[in-house]
Amino acid sequence: MAAGGPLLPDSVLFEIFLYLDHADVLAVGLVCRQWRAVARDEFLWKELFYRYYRVSRDVPRHPAAVSWYDEFQRLYDTIPCIEVQALKEHNDQVLHLSFSHSGCLFASCSKDCTVKIWSNELDISLQHSSNMRPYNWSYTQFSQFNSDDSLLLVSGVFVGPHNSSSGEIAVISMENFTLLSRVRNKPYDVFGCWLNETNLISGNLHRIGRITSCSVLWLNNAFQGIESENVNVVKRLFKIQNLNASTIRTVMVADCSRYDSPDLLLDYEEQLAASSTSTCPVFDLGSDSEEEESKPKQTPEPAVQEMPDDGGVPAEDELQQFFDDIMGGCVRPAMTEAELENKVAELFIRNRTKPPEVNLLSTDSNSKTKYLIFTTGCLTYSPHQIGIKRILPHQMTTAGPVLGEERRSDEFFDSLDHVIDIHGHIIGMGLSPDHRYLYVNSRAWPRDCVISDPMQPPPIAEEIDLHVFDLKTMKEVKRALRAHRAYTPNEECFFIFLDVSRDFVARQGRSESWRLL
């Protein structure tokens, strides 16, 4: 201010600056030293941060942030908000984008049944387009580069009878864009994924009864056409029985050796302390009302559980006793056909399942062990659980018997090593860059709902919740966030892909918009 003129106290300036937006605060900070000091006040920028980005005040600042001012600037400068180029080569809806690990290329899948490969330069250009319709595909839905970016996995839906669930996986060479191999994939929303540089995982589904099935996960060599005359190109990894019309979907692989990478740190000590004493709340990032944000959410905390130890009566004797009771008319009340099928399947699983791996959480940071992660269920056909199965080093090659490692004659199925129950319809999953954290999109079921018919799942919430699980401890480490809403009913839900970087999580909504969290 002018020499000798009265100076307003800092507290008064602070209250005045609270009425300004961030641009005006920066402008008034150029007036004098006093105003600049107040304009850089941490409490002021904390208020501006929550007001401008409309984030719940219970959501903490990023652990790596130095100050609220710097965090405001980081988000303002790095969130993409300007369209620099429109790519119009697809003539139908684009369903998925995947980027190479080097960042030099990306691939796009579309309902026009093509996969297109682009150079990710300042001026993006199309490098190659593969039309999959000659192979009886209906559309392409997912793609993934292998770890050295030499191969591209492309997943699509197969043309078939009405309500067909079959799909196929194709492998394309990035050297000359030739099609190297094709692998059947059922159901199509298994999607498929890379296990290592040259081997990929696919699925198959075998119906056992009306609501009982068996999912088989296969390890495939990407170079089948070249090596199939001399060595195995496929090997069975796991065989898992499904109950109540559920199936295995959305497979992905987490590499345990990358856990100690500092790429992404989400160890919010305050959140962990809070979650240990109270039910996990959900924060609505998309709410326009502070009153709505402040209301406690009645969404139950996802349960993380180990597979139970059945113990007690041998399952074989229990199964025989159950059959004897049925023949003797001793089963009361009378069971429906679906209930009877499910009861027999449960007893059969207990008697014909290989026990789970022990010490799942003791994985050494230098271990080559990997986790196979997928959506599954036990109550209804809609995916509501996350299954985790350890892949040991000797299982990561197609060498050996086609049906995998030897097992006893009574071990028909593999058990899951770990299960996370979300209590809602899972509509998306993604791994952090260091593979330590699993991000899950879900639409919650009503609290305390009871599922009596597996073909009639509970109604689902319009809000989409985002959960974060630490794969090193198998616990939820970040409280659920809520940003998007969806309005499709349970039977019409589709998968929403997540993309996780060091600083952001991106996901698409039904409103043709993307959210950065």
Side-chain angles (χ1 to χ4, degrees), residues 136-138 141-142 155-169 182-193 201-220 234-251 307 315 319 322-323 326 335-354 372 374-387 389 402-404 407 409-416 419 425-426 451-457 490-495:
N136 293 323
W137 285 29
S138 178
Q141 60 174 351
F142 171 79
S155 174
V157 178
F158 217 64
V159 174
H162 183 61
N163 293 330
S164 172
S165 62
S166 294
E168 196 170 71
I169 297 172
R182 291 160 51 211
V183 177
R184 189 60 60 91
N185 191 40
K186 184 178 182 179
Y188 61 84
D189 51 1
V190 168
F191 295 114
C193 65
I201 296 174
S202 64
N204 200 359
L205 182 66
H206 304 279
R207 294 291 178 186
I208 299 176
R210 189 177 72 89
I211 60 172
T212 309
S213 63
C214 173
S215 290
V216 181
L217 297 171
W218 294 92
L219 182 64
N220 307 268
V234 63
K235 183 175 74 174
R236 186 180 70 192
L237 272 178
F238 305 115
K239 182 179 181 181
I240 299 172
Q241 186 165 3
N242 306 308
L243 300 176
N244 287 318
S246 64
T247 62
I248 287 178
R249 299 179 170 96
T250 320
V251 298
M307 297 304 294
L319 182 59
F322 182 67
F323 286 147
I326 293 177
M335 288 185 169
T336 65
E337 182 179 345
E339 291 172 339
L340 179 62
E341 177 184 330
N342 197 61
K343 179 65 176 179
V344 172
E346 287 178 348
L347 295 175
F348 190 79
I349 288 176
R350 290 177 55 185
N351 191 45
R352 295 290 188 268
T353 299
K354 187 177 180 181
L372 182 64
F374 46 83
T375 62
T376 181
C378 64
L379 302 175
T380 180
Y381 67 82
S382 64
H384 54 278
Q385 292 180 325
I386 299 168
K389 185 69 179 172
V402 171
L403 295 182
R407 57 182 70 195
S409 59
D410 61 342
E411 293 180 342
F412 293 169
F413 304 106
D414 295 286
S415 59
L416 304 185
V419 173
H425 190 126
I426 301 172
I451 301 175
S452 57
D453 183 356
M455 305 309 294
Q456 297 292 330
N490 207 345
E491 67 274 9
E492 297 178 12
C493 275
F494 61 94
F495 197 81

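- Contacts of Phe191 classified as ring pair (Phe, Tyr, Trp, His ring centres under 6.0 Å), with partners at least two apart in sequence or in another chain: Phe142, Phe495, Phe497.
- Taken from CG in Leu372 to CG in Leu416, the straight-line distance is 9.5 Å, to the nearest 0.5 Å.
- Put simply, the side chain of Asn185 reaches to within 4.5 Å of the side chain of Ser155, judged on heavy atoms.
- Of the possible donor and acceptor atoms, none in the side chain of Ser246 sits under 3.5 Å from a partner among the backbone N and O of Thr376.
- Residues passing the side-chain hydrogen bond (donor to acceptor under 3.5 Å, both in side chains) test with Ser213 are Asn242, sequence neighbours excluded.
- When side chains are defined from C-beta on, Asn204 does not count as touching Arg184, because their heavy atoms never get closer than 4.5 Å.
- Between Pro187 and Leu205, the closest heavy-atom pair is CD-CB, 4.2 Å.
- Note: Leu237 CG to Ile201 CD1 = 5.5 Å, rounded to the nearest 0.5 Å.
- Gln241 approaches Thr212 most closely through the heavy-atom pair NE2-CG2, 3.2 Å.
- Once rounded to the nearest 0.5 Å, the distance linking NZ of Lys235 with CG of Leu219 reads 6.5 Å.
- Checking side-chain atoms of Asp414 against main-chain N and O of Lys239 turns up a donor-acceptor pair under 3.5 Å.
- Remark: side-chain polar atoms of Lys186 are not paired, donor with acceptor, to backbone N or O of Ser215 under 3.5 angstrom.
- Between the CD1 atom of Ile248 and the CG atom of Asp189 there is a distance of 11.5 Å, given to the nearest 0.5 Å.
- Remark: Tyr381 OH to Gln456 CD distance equals 7.0 Å, nearest 0.5 Å.
- With a 4.5 Å cut-off on side-chain heavy atoms, Asn244 and Thr380 do not count as touching.
- Side chain of His384 to main chain of Ser382: a donor-acceptor pair is present (N/O by atom type, distance under 3.5 Å, no hydrogens or angles).
- Listed by chain and number, the residues in a side-chain hydrogen bond (donor to acceptor under 3.5 Å, both in side chains) with Ser202 are Asn220 (sequence neighbours excluded).
- Rounding to the nearest 0.5 Å gives a distance of 10.5 Å between OG1 of Thr375 and CD of Gln385.
- Arg236 and Leu403 make their closest contact through NH2-O, 3.2 Å (heavy atoms, listed as atom of the first residue, atom of the second, distance).
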